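Just so we're clear, the structure is a prediction, and the values are computed from it rather than from any experiment. Count residues from 1 along the sequence.
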Amino acid sequence: MKILLTILILLIFSLNVFAEPLSGVYKTIPSKTTGGWAYVKFSACKENKRLTCGALVKAFSKNGKVIKNYEHIGKYVVWDMKKEGNKNFSGGKIKDYSDGKVYNSKMEIISKNKIGVSGCVLFICQSQEWNKLK
């Protein structure tokens, strides 16, 4: 009985570890449309703490200047990402604020300082690598 209880506790603990949301601030790559980029802060979604969301916290123009009063600050860029296993997230959405389109999305932790983010329409996907700032 003690062994079964120990296994059950370890299983619950390991599932909770894998379910932790991604955290930190990441720099996007420059937009093909505008040339600007952004900083996105990842944490647990406000609506569901078991999912990961990324909110836009700072935006830059193509010449590197901060865009003050950018209308999308604080809005989700990535949302509803469910962690699957050790390094992968899926089932989420990503929004490209340069054109206003929303795509199905998934992410992968490439290293402790880099994530891969992709957005897909049907079977056509585009991916980017974002570097961690903090």
Side-chain angles (χ1 to χ4, degrees):
M1 188 66 168
K2 288 182 181 180
I3 293 173
L4 183 59
L5 184 59
T6 303
I7 291 171
L8 183 61
I9 290 170
L10 288 173
L11 180 62
I12 291 170
F13 176 74
S14 67
L15 289 174
N16 285 336
V17 168
F18 286 127
E20 287 183 20
L22 180 68
S23 64
V25 179
Y26 289 79
K27 179 183 176 187
T28 69
I29 66 168
S31 165
K32 291 179 184 176
T33 309
T34 66
W37 68 91
Y39 291 168
V40 177
K41 182 178 182 181
F42 285 92
S43 61
C45 298
K46 293 174 189 171
E47 303 79 10
N48 183 340
K49 300 293 183 194
R50 286 180 271 161
L51 301 177
T52 296
C53 290
L56 198 147
V57 291
K58 195 178 259 190
F60 299 86
S61 64
K62 66 180 177 181
N63 62 9
K65 295 189 181 206
V66 174
I67 302 172
K68 294 182 181 179
N69 300 320
Y70 186 60
E71 62 189 339
H72 302 296
I73 295 293
K75 295 180 183 176
Y76 287 151
V77 174
V78 177
W79 62 94
D80 293 345
M81 290 292 206
K82 181 179 179 183
K83 190 164 187 183
E84 295 181 350
N86 212 9
K87 297 182 178 187
N88 297 310
F89 296 79
S90 66
K93 300 287 185 185
I94 188 167
K95 184 167 187 171
D96 182 347
Y97 281 103
S98 67
D99 64 13
K101 293 182 181 175
V102 175
Y103 303 93
N104 294 324
S105 185
K106 57 186 178 178
M107 298 188 311
E108 174 187 11
I109 299 172
I110 297 170
S111 71
K112 73 176 197 171
N113 294 314
K114 188 177 287 196
I115 59 172
V117 181
S118 66
C120 304
V121 175
L122 297 174
F123 297 104
I124 302 168
C125 299
Q126 289 189 354
S127 61
Q128 300 178 350
E129 292 183 359
W130 296 357
N131 292 312
K132 190 173 188 177
L133 299 177
K134 309 181 192 180

Where [X] and [Y] come nearest, the two heavy atoms and their spacing:
X: Lys49; Y: Pro21; result: O-CG, 3.5 Å
X: Ile29; Y: Glu129; result: CG2-O, 3.3 Å
X: Val117; Y: Ser105; result: CG1-OG, 4.2 Å
X: Asp80; Y: Leu51; result: OD1-CD1, 3.8 Å
X: Tyr26; Y: Lys112; result: OH-O, 4.5 Å
X: Lys62; Y: Trp37; result: O-CZ3, 4.1 Å

**OP:** Show the numbers, then the answer: is there a side chain to side chain contact (heavy atoms under 4.5 Å, CB included) between Asn131 and Lys114?
**Re:** CA-CA 5 Å; Asn131 292 312; Lys114 188 177 287 196; 3.0 Å; yes
Should [X] and [Y] be regarded as members of a common hydrophobic cluster, given that ILVMFWY residues are connected when their side-chain heavy atoms come within less than 4.5 Å of each other, either directly or indirectly?
X: Val66; Y: Leu133; answer: yes
X: Ile73; Y: Trp79; answer: no
X: Ile94; Y: Leu122; answer: yes
X: Phe89; Y: Ile110; answer: no
X: Tyr70; Y: Val77; answer: yes

Subject >> Heavy-atom side-chain proximity of Val25 to Lys132 below 4.5 angstrom >> reply: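 They are not in contact (no side-chain heavy atoms under 4.5 Å apart), so the answer is no.
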**OP:** Could you tell me whether a side-chain N or O of Thr34 sits under 3.5 Å from a main-chain N or O of Ser98, the two making a donor and an acceptor?
**Re:**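 Such a contact is absent between Thr34 side chain and Ser98 backbone.
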Subject >> Side-chain donor/acceptor of Thr28 to backbone N/O of Ala38, under 3.5 Å >> reply: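 It does hold such a pair.
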Subject >> Identified side-chain contact (heavy atoms from CB on, under 4.5 Å) counterpart of Asn88 within the set Lys82, Lys83, Glu108 >> reply: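 For Asn88, the side-chain contact (heavy atoms from CB on, under 4.5 Å) test succeeds with only one of Lys82, Lys83, Glu108, which is Glu108.
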Original post:
Can you list the steps and then say if Tyr97 with Lys95 is a side chain to side chain contact (heavy atoms under 4.5 Å, CB included)?
Top reply: CA-CA 6 Å; Tyr97 281 103; Lys95 184 167 187 171; 3.5 Å; yes
Subject >> Other residues, nucleotides, ligands: >12 heavy atoms within 6.0 Å of Lys75 NZ >> reply: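 Counting neighbours around NZ of Lys75, more than 12 heavy atoms of other residues, nucleotides or ligands fall under 6.0 Å, so yes.
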Original post:
In terms of heavy-atom contacts, does CD of Gln126 have more than 12 from other residues, nucleotides or ligands at under 6.0 Å?
Top reply: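 Not buried by this count: 12 neighbours or fewer within 6.0 Å.
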**OP:** Could I get the full list of side-chain contact (heavy atoms from CB on, under 4.5 Å) partners for Val121, not counting sequence neighbours?
**Re:**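 Val121 satisfies side-chain contact (heavy atoms from CB on, under 4.5 Å) with Tyr103 only.
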**OP:** For residues 36-118, pull every pair meeting disulfide (SG to SG under 2.5 Å), keeping only residues two or more places apart or in separate chains.
**Re:**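 For residues 36-118, and leaving out neighbouring residues, the disulfide (SG to SG under 2.5 Å) pairs sorted by first residue read Cys45-Cys53.
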Original post:
Going by the disulfide (SG to SG under 2.5 Å) test, which pairs reach into residues 68-121, not counting sequence neighbours?
Top reply: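 Output for this query lists Cys120-Cys125.
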**OP:** Please state whether the rings of Trp130 and Phe42 are parallel, tilted or perpendicular, taking 30° and 60° as the class boundaries.
**Re:**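 If you compare the ring of Trp130 with that of Phe42, the planes turn out tilted.
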**OP:** Evaluate the side chain to side chain contact (heavy atoms under 4.5 Å, CB included) criterion for residues Leu22 and Met107: first the C-alpha distance (whole Å), next the side-chain angles of each, then the deciding distance (0.1 Å), finally the verdict.
**Re:** CA-CA 10 Å; Leu22 180 68; Met107 298 188 311; 3.9 Å; yes
